[in-house]
**Student:** 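The structure follows.
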There are 2 protein chains.
Amino acid sequence: MAGSRLTPSRPCRKMVAPIPSPFPSRSDPLPMDVTEKAQTAARGRRIRRENVERILKAAELVFAEAGCAGATMADIADKAGLPKANLHYYFGTKEDLYRAVLDNILRLWLDPLAGLDASADPATALTAYIRAKMDASRLRPNASKVFANEILHGASQIGEFLAEDLRRLVDRKAAVIEQWISEGRMAPVDPRQFFFMIWSMTQHYADFEVQVRTVLGRKKLTRDDFAHFTAEVVRMVLRAGGLAPPDDPVSCTGGVPGES
Amino acid sequence: MAGSRLTPSRPCRKMVAPIPSPFPSRSDPLPMDVTEKAQTAARGRRIRRENVERILKAAELVFAEAGCAGATMADIADKAGLPKANLHYYFGTKEDLYRAVLDNILRLWLDPLAGLDASADPATALTAYIRAKMDASRLRPNASKVFANEILHGASQIGEFLAEDLRRLVDRKAAVIEQWISEGRMAPVDPRQFFFMIWSMTQHYADFEVQVRTVLGRKKLTRDDFAHFTAEVVRMVLRAGGLAPPDDPVSCTGGVPGES
DNA sequence: GTCTATAGGTAGATAGAC
DNA sequence: GTCTATCTACCTATAGAC
């Protein structure tokens, strides 16, 4: 025990405990005996689920806006419309709540990448991946911001996720890129730098939204703005991977399954 | 007065005051009369300058690691090797210190971009710009992180900088890109999205350094790592701008003035 | 399960000796 | 100009009534 300042009540500076596991899945059988007790219990579970949802949603917003250290339980409670004590009742400590928010986000992060398949057409598969990432930036900007903030400040909570889950997945997907390159279907690139390019470009529109908006002179970014950004990102990334001629007209603006 | 929680002592959440001006330039003539008084004054000024430097350096580190809200004056004072009260003596409040750190960083940000010139060769000019940005990520990662953190959480301090200085500069430099495109020296791109690509890719190596390092399985990123990253970023960006054939060997690994 | 009231601890800021 | 000691405010967390 060295530091005296790194006490448990300074949660978001140098926390050590990693995220242990995905959310406790609540798959109780719901017996539905018609006793009063069972009805009360069922209602209780519904209330619990709704409250947990509201708290997580409010927490994601506040953590995104203020960072982990800057967020306060009182703020989150206000945004969730609940008394502060209830947050502690459901989540224990602020760190626990922060980890629960992060845990939700990690799934968002891995899923789109997991879809990359070597048997697919490179341009089509990469276009779909970029679209999924841009949709995430448009629809869940706060999730992206919380994730960015966590990495920016050392990833003390998700270090293990990065070193284990993400690294393994990237190893597998880098092999996909390498296969495409060796088959002559893509220009030579360092696969991991190629992924860094896609991640940084797509997440930029969520994490640096203020800068994007201000430089473009917009008050708010619309769905059309994002459609344009997405088309440009797709175009530039495909060119960078040797998958589109330098002078093509804007390609791949058409729909992709799952995007409305 | 609506909010009771947004008091002046919650500095890094919803501060309003923007950065007013660049640092007060200390261009006193230094009279050097050989009186005891003048000698004492000269020594005092030197000590002041040195202390200010040490505090700014320590503050940049702590703000980068912990974010604005998570940083504490006690931490900064420890890292600077000075008592906490001295920080307040030199900088007044924590916000003032934070703004001083940011102010230093904004110059780093504008200077490389300002060098982009329409009369230059596009590939050469863009390569130099990317190298300058990658050097900044390698040599001043904490500056990049403080900047990223400020944008991420709403840019309450540098909103005016973004809307005025940066926006004007980007307008001018977007015209350079457009001119290159209209002259057929570059593939068609949205110039501003093109800049967003360069910014996000290059700053990624500072801001997301932990993730880069972990995904690559490295304990520390070396100068050679950065040389490789830079070569890849240059290659991908040039291709994205239609400035390099898809199957070129790695280009532009040679030296550029100012890079050691 | 819900919520008010409060304990306990930390951090920003300053008074005042040197 | 420097630095110790301290004041004040805020924030996390919990006790305990309902």
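Chain A is the first sequence line, chain B the second, and so forth, proteins listed ahead of strands; every chain is numbered from 1. All values reported here derive from a predicted model rather than from experimental measurement.
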**Student:** For B:Pro112 and B:Ala132, work out which heavy atoms get closest and say how close.
**Tutor:** CB-CB, 3.9 Å
**Student:** Rounded to whole angstrom units, what separation is found between the CZ atom of A:Phe91 and the P atom of D:dT12?
**Tutor:** 15 Å
**Student:** Separation of B:Tyr90 atom OH from C:dT14 atom P, in whole Å?
**Tutor:** 17 Å
**Student:** Classify the nucleic acid contact of A:Asp96 as base, sugar-phosphate or nothing, counting any heavy atom under 4.0 Å across all strands shown.
**Tutor:** nothing
**Student:** Given 3.5 Å as the limit, does a donor-acceptor pair link the side chain of B:Gln203 with the main chain of B:Ser144, or not?
**Tutor:** no
**Student:** So, using side-chain contact (heavy atoms from CB on, under 4.5 Å) as the criterion, who are the partners of A:Gln193 when residues are at least two apart?
**Tutor:** A:Asp190, A:Phe196, B:Tyr205, B:Leu216, B:His228, B:Phe229, B:Glu232, B:Met236
**Student:** Would you say D:dG1 has OP1 or OP2 under 4.0 Å from some side-chain N or O of B:Asn51?
**Tutor:** no
**Student:** A:Met73 has a side chain; which of D:dT2, D:dT12, C:dT2 sits nearest to it?
**Tutor:** D:dT12
**Student:** What is the distance, rounded to the nearest whole Å, between atom CG of A:Leu97 and atom P of D:dC11?
**Tutor:** 16 Å
**Student:** Send over the distance from A:Leu87 CG to C:dG1 P, rounded to a whole Å.
**Tutor:** 15 Å
**Student:** Residues two or more places apart in sequence or in another chain: which of them pass salt bridge (Lys or Arg N to Asp or Glu O under 4.0 Å) with B:Arg218?
**Tutor:** B:Asp225
**Student:** Any side-chain heavy atom of B:Tyr98 sitting closer than 4.5 Å to one from B:Glu150?
**Tutor:** yes
**Student:** Using the six-membered ring wherever Trp is involved, compare the ring planes of A:Phe147 and A:Phe161 and label them parallel, tilted or perpendicular (cut-offs 30° and 60°).
**Tutor:** perpendicular
**Student:** What N/O pairs connect the protein and nucleotides 3-8 of chain C at under 3.5 Å? Give each pair on its own line.
**Tutor:**
residue	atom	partner	partner atom	Å
C:dC3	OP2	A:Asn86	ND2	3.1

**Student:** Among the nucleotides C:dG1, C:dA13, D:dG1, which one has an atom lying closest to any side-chain atom of B:Arg48?
**Tutor:** D:dG1
**Student:** Whole-Å distance between D:dT8 C1' and B:Lys94 NZ?
**Tutor:** 16 Å
**Student:** Select one nucleotide: of D:dG1, D:dA13, C:dG12, the one nearest the side-chain heavy atoms of B:His88.
**Tutor:** C:dG12
